[in-house]
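In what follows, a single structure is set out as C-alpha cells and then discussed.
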Amino acid sequence: MGTRNQFADIILVVVGVVLIRWAVSLNPYSGADVPPMYGDYEAQRHWMEITTNLPIEQWYMNSTDNDLLYWGLDYPPITAYHSWLCGKVADYINPDWVALKSSRGYESSQHKLFMRYTVLVVDLLLYIPAILAFFLWTLKDQTDGEKLVCAAVALLYPGLALIDHGHFQYNNASLGFALWAIVALATGHDLLGSIGFVLALNYKQMELYHAMPFFCYLLGRCFYSKDENGFLKLIKIGVTVIITFALCWLPFLSDIDLLVQVVHRLFPFDRGLFEDKVSNIWCSLEVLFKIRRILSQQSLVQLSLATTVGCLLPSSVELLLRPNVQKFKLALVNSSLIFFLFSYQVHEKSILIAALPVCLILHQYSFGCTWFLLVSTFSMLPLLIKDGLILPYAALCLLFYLAVNVSQSEWFTSKPNPSPHIVIQLLFWASMCGATLLSAASVTMTPPARYPDLFPVLVSVYSCGHFVLFLIWFHYLQFTTPWSSEVKVQQRKFEAHTGVKKSKGKKKSHKVE
C-alpha cells in the first residue's frame with residue numbers, strides 16, 4: 001500500500017468511527033432530566049464548574065462552595081486539570097454553563113453539544129491515534145491494509161462508544177494514555193512507556209487494574225537486559241516514574257493535609273464493596289450469602305485484597321520471569337479481569353479496562369475475544385437501559401460482530417483465524433441467545449414486585465460466570481505463549497514508520513526481546 005493510499009484509508013477509517021460515535025451521542029446521557037443528582041454527565045460538568053471557579057487547593061476540599069456530597073471530585077489530578085481546561089472553554093462560550101452553584105443541573109441542547117464535542121476531541125487527539133499506532137507499528141506479518149482493518153474493528157468495540165459517547169464519561173482519556181504506554185513498550189521504549197502509564201494512572205485510579213503487568217514486565221526487562229546494566233535501567237525507570245508523578249501532583253505537594261485529602265478522595269472505602277449490580281464475584285455471591293451483612297467493612301476490604309493479590313500472583317510471576325510483549329498483553333487482560341472480579345469498590349463500567357487489552361489481541365484470537373467483548377458490553381445492560389441506550393446497544397453489538405466476521409474473511413486477510421470446534425461454536429450461540437433473551441426480557445417484562453432487581457441480578461450473575469471462564473482461558477493463553485524475540489522487530493518497524501531511532505547498544509538477549 002502506498003503512503004498516499006494508506007493515509008487516505010486512515011482518514012476514511014477515522015471518519016467512519018467518528019460518525020458512529022456521533023450517532024451514539026445523539027441519544028440521551030446519564031441522568032438527563034433526573035434531578036437532584038442527575039448522573040455522570042452532571043458530575044463531569046460540575047467538575048468543570050469547581051475547577052474553573054475555585055483555587056486549586058479547594059478542588060478536593062469540602063466547603064460551602066464545594067459540597068463534596070454533590071459529585072465531589074474523586075479522580076486524580078490529571079482529570080482535574082482536564083476538567084479545568086474544558087471549564088475554561090465552556091466559560092468562554094457561555095459562562096452560565098459553569099457558573100458557581102447556579103449552574104447545578106444545567107441542561108440545554110447547546111451545552112450537550114459542547115460536552116459531546118469534548119469527548120470526541122479526546123478520541124481524536126488521544127485514543128484513536130493510539131489504536132492506529134498500536135496496530136500499524138507493532139503488528140507483524142500483516143500487510144498495511146490488514147493492520148488498518150484490525151484497527152478499525154478494535155475501534156468499533158461497542159462498550160467504550162456507548163459509555164463515553166452515550167452514558168457520558170472520558171474513559172478514552174485514561175485508556176488512551178495506557179494505550180500509548182503499551183505502544184511504547186511494544187516498540188522497545190521503556191521510559192516513554194513508563195511515562196504513559198503514570199499519566200493514565202493519574203487520570204483515573206482504576207488504571208491500577210493494569211499496574212501489575214506494567215511493573216512485572218519492566219522489572220523483568222531489567223533482570224534480563226543485555227544492552228545496558230539492568231540495575232541502571234531500573235534506576236532510570238524509577239526516576240522517570242517518580243518525576244512524572246511529582247509533576248502531576250506538584251500543586252498538592254506543598255500541604256500535607258491537602259495531599260492526604262486528595263488521596264482519601266481517590267480511595268473512598270466507605271462506599272462499599274461494589275455499586276449497583278456489577279458482574280463480579282462479590283455481587284454474584286451476594287445473591288446467596290449476603291456477605292455485606294455477614295462481614296464488616298474491614299473484613300470485606302481484607303477479603304477482597306487477599307483474593308485479588310492471590311489470583312494476580314500466577315500471571316504476574318510468570319510475566320516477571322518470562323517477559324515478552326505478547327505475554328504482557330495477555331497479563332494486562334488477566335490482571336484487569338481479576339481486579340474487576342475480586343477487588344473492592346468496583347463499578348460496572350470498569351469492565352472497559354479489561355476490554356482494552358482484549359481489543360489489542362482481537363486479531364489473534366478473534367472468536368474468543370469477540371465473545372468476551374460482546375459479553376462485556378452486555379454486562380452493562382442495566383446501566384444502558386437506565387440511560388435509554390438500548391437501541392444503540394443492539395445496533396453497535398450487531399455492527400461489531402459483523403465487522404469482526406468480515407475482517408476475518410478472505411476479502412481482508414490471507415491468514416484468518418482457524419474456526420473453533422463445533423461444540424465451542426454451539427456454546428457461543430447458546431451464550432448469545434441467553435444474552436439476547438435477557439436483554440429482551442429486561443426491556444419488555446416487568447419483574448415481580450418481590451424481586452424488583454431480578455433482571456439486573458440475572459445479567460450480573462450470567463456475565464460473571466462468563467468472565468470467570470474467560471479468565472481461565474486467558475491464563476491458559478498467557479502460560480502457553482512461547483517466550484520468543486519480539487522487541488527488536490517491533491522497534492525496526494517503529495523506526496521505519498516514524499524515523500525515530502534509539503541509540504545502538506550491545507546485542508540483546510533473544511529471550512527478553
Side-chain angles (χ1 to χ4, degrees), residues 178 181-182 185-186 190 193 197 201 206-225 230 234 237 273-274 278-285 300-346 350-362 364-365 368-369 371-373 375-376 463-487 509 511-513:
I182 295 168
L185 296 190
D190 296 341
F197 182 67
L201 187 57
M206 278 75 79
E207 274 299 321
L208 281 169
Y209 288 25
H210 290 151
M212 189 62 80
F214 272 93
F215 174 78
C216 291
Y217 176 76
L218 288 169
L219 185 59
R221 293 268 295 154
C222 293
F223 284 163
Y224 296 101
S225 177
L234 180 60
I237 293 173
L273 186 58
F274 55 84
V278 61
S279 301
N280 72 353
I281 293 293
W282 308 125
C283 186
S284 299
L285 289 178
L300 290 172
V301 172
Q302 294 171 346
L303 176 62
S304 63
L305 177 62
T307 52
T308 302
V309 172
C311 292
L312 274 176
L313 282 176
S315 170
S316 301
V317 171
E318 203 268 346
L319 178 63
L320 177 65
L321 298 178
R322 304 177 69 192
N324 72 10
V325 174
Q326 182 64 15
K327 287 181 178 291
F328 171 59
K329 290 185 290 185
L330 289 164
L332 287 170
V333 179
N334 289 322
S335 174
S336 50
L337 198 47
I338 286 168
F339 266 94
F340 179 80
L341 287 171
F342 297 102
S343 66
Y344 193 87
Q345 239 301 294
V346 175
S350 298
I351 194 61
L352 298 177
I353 305 172
L356 174 70
V358 175
C359 287
L360 304 185
I361 57 174
L362 176 59
Q364 296 172 293
Y365 314 102
C369 289
W371 193 348
F372 173 88
L373 293 171
V375 172
S376 72
S463 302
C464 179
H466 281 76
F467 292 149
V468 170
L469 295 176
F470 279 122
L471 182 63
I472 296 171
W473 180 60
F474 284 123
H475 270 79
Y476 169 79
L477 292 179
Q478 180 183 336
F479 278 80
T480 56
T481 294
W483 190 22
S484 59
S485 176
E486 290 178 341
V487 170
S509 167
K511 290 187 177 182
V512 180
E513 296 167 345

Distance-only side-chain donor-acceptor flag, Gln326 / Gln478, under 3.5 Å: no
Sequence neighbours excluded - ring-ring contact (aromatic ring centres under 6.0 Å, His included) pairs with any residue from residues 300-319: none
Tyr344 backbone acceptor or donor facing Asn280 side chain under 3.5 Å: no
Shortest non-hydrogen contact from Ser463 toward Ser279: CB-OG, 3.4 Å
Spatial distance of atom OG (Ser335) from atom CG (Leu319) [nearest 0.5 Å]: 10.0 Å
Point-to-point distance, once rounded to the nearest 0.5 Å, from SG of Cys359 to CG of Leu352: 9.5 Å
Heavy-atom pair of closest approach, residues Cys283 and Val278: CB-O, 3.0 Å
Minimum-distance pair of heavy atoms, taken over all atoms of Phe467 and Leu337: O-CD2, 3.7 Å
Side chain to side chain contact (heavy atoms under 4.5 Å, CB included) between Ser304 and Phe342, worked out: CA-CA 6 Å; Ser304 63; Phe342 297 102; 6.0 Å; no
Sidechain-backbone polar pair: Ser336 side chain, Leu332 backbone, donor-acceptor under 3.5 Å: yes
Interatomic spacing from CH2 in Trp282 to CD in Gln345 - rounded to 0.5 Å: 14.5 Å
CD on Glu318 to CG on Leu313, rounded to 0.5 Å: 13.0 Å
Inter-residue atom distance Leu321.CG - Phe223.CZ, 0.5 Å rounding: 8.5 Å
Crowding at OH, Tyr476 (>12 non-hydrogen neighbours, <6.0 Å): no
Side chain Ser315, main chain Leu312, donor-acceptor under 3.5 Å: no
Aromatic ring proximity, centroids under 6.0 angstrom, Trp483 and Tyr224: yes
Test side-chain contact (heavy atoms from CB on, under 4.5 Å) applied to Phe474 and Leu471, Leu477, Ile472, the passing residue: Leu477
Minimum heavy-atom distance Gly220-Pro323, with the two atoms named: C-CG, 3.7 Å
Criterion side chain to side chain contact (heavy atoms under 4.5 Å, CB included) on Leu185 and Leu218, from CA distance to verdict: CA-CA 9 Å; Leu185 296 190; Leu218 288 169; 3.7 Å; yes
Option passing side-chain contact (heavy atoms from CB on, under 4.5 Å) with Leu305 (candidates Thr308, Val309, Leu303, Thr307): Val309
Spacing of CG belonging to Leu341 relative to SG belonging to Cys464, to within rounding of 0.5 Å: 5.5 Å
Tyr365 OH: over 12 foreign heavy atoms closer than 6.0 Å: yes
Side chain proximity check, Val468 to Ile281, heavy atoms < 4.5 angstrom: yes
Test side chain to side chain contact (heavy atoms under 4.5 Å, CB included) applied to Phe339 and Met206, step by step: CA-CA 9 Å; Phe339 266 94; Met206 278 75 79; over 6 Å; no
Shortest non-hydrogen contact from Cys311 toward Pro314: O-CD, 3.4 Å
Heavy-atom closest pair, residues Lys327 and Arg322: CD-O, 3.1 Å
List the atom pairs, donor and acceptor, that lie under 3.5 Å between side-chain atoms in residues 207-214 and the rest of the protein, sequence neighbours left out.
unit_1 : atom_1 : unit_2 : atom_2 : d
Glu207 : OE1    : His210 : ND1    : 2.8
His210 : NE2    : Ile353 : O      : 2.8

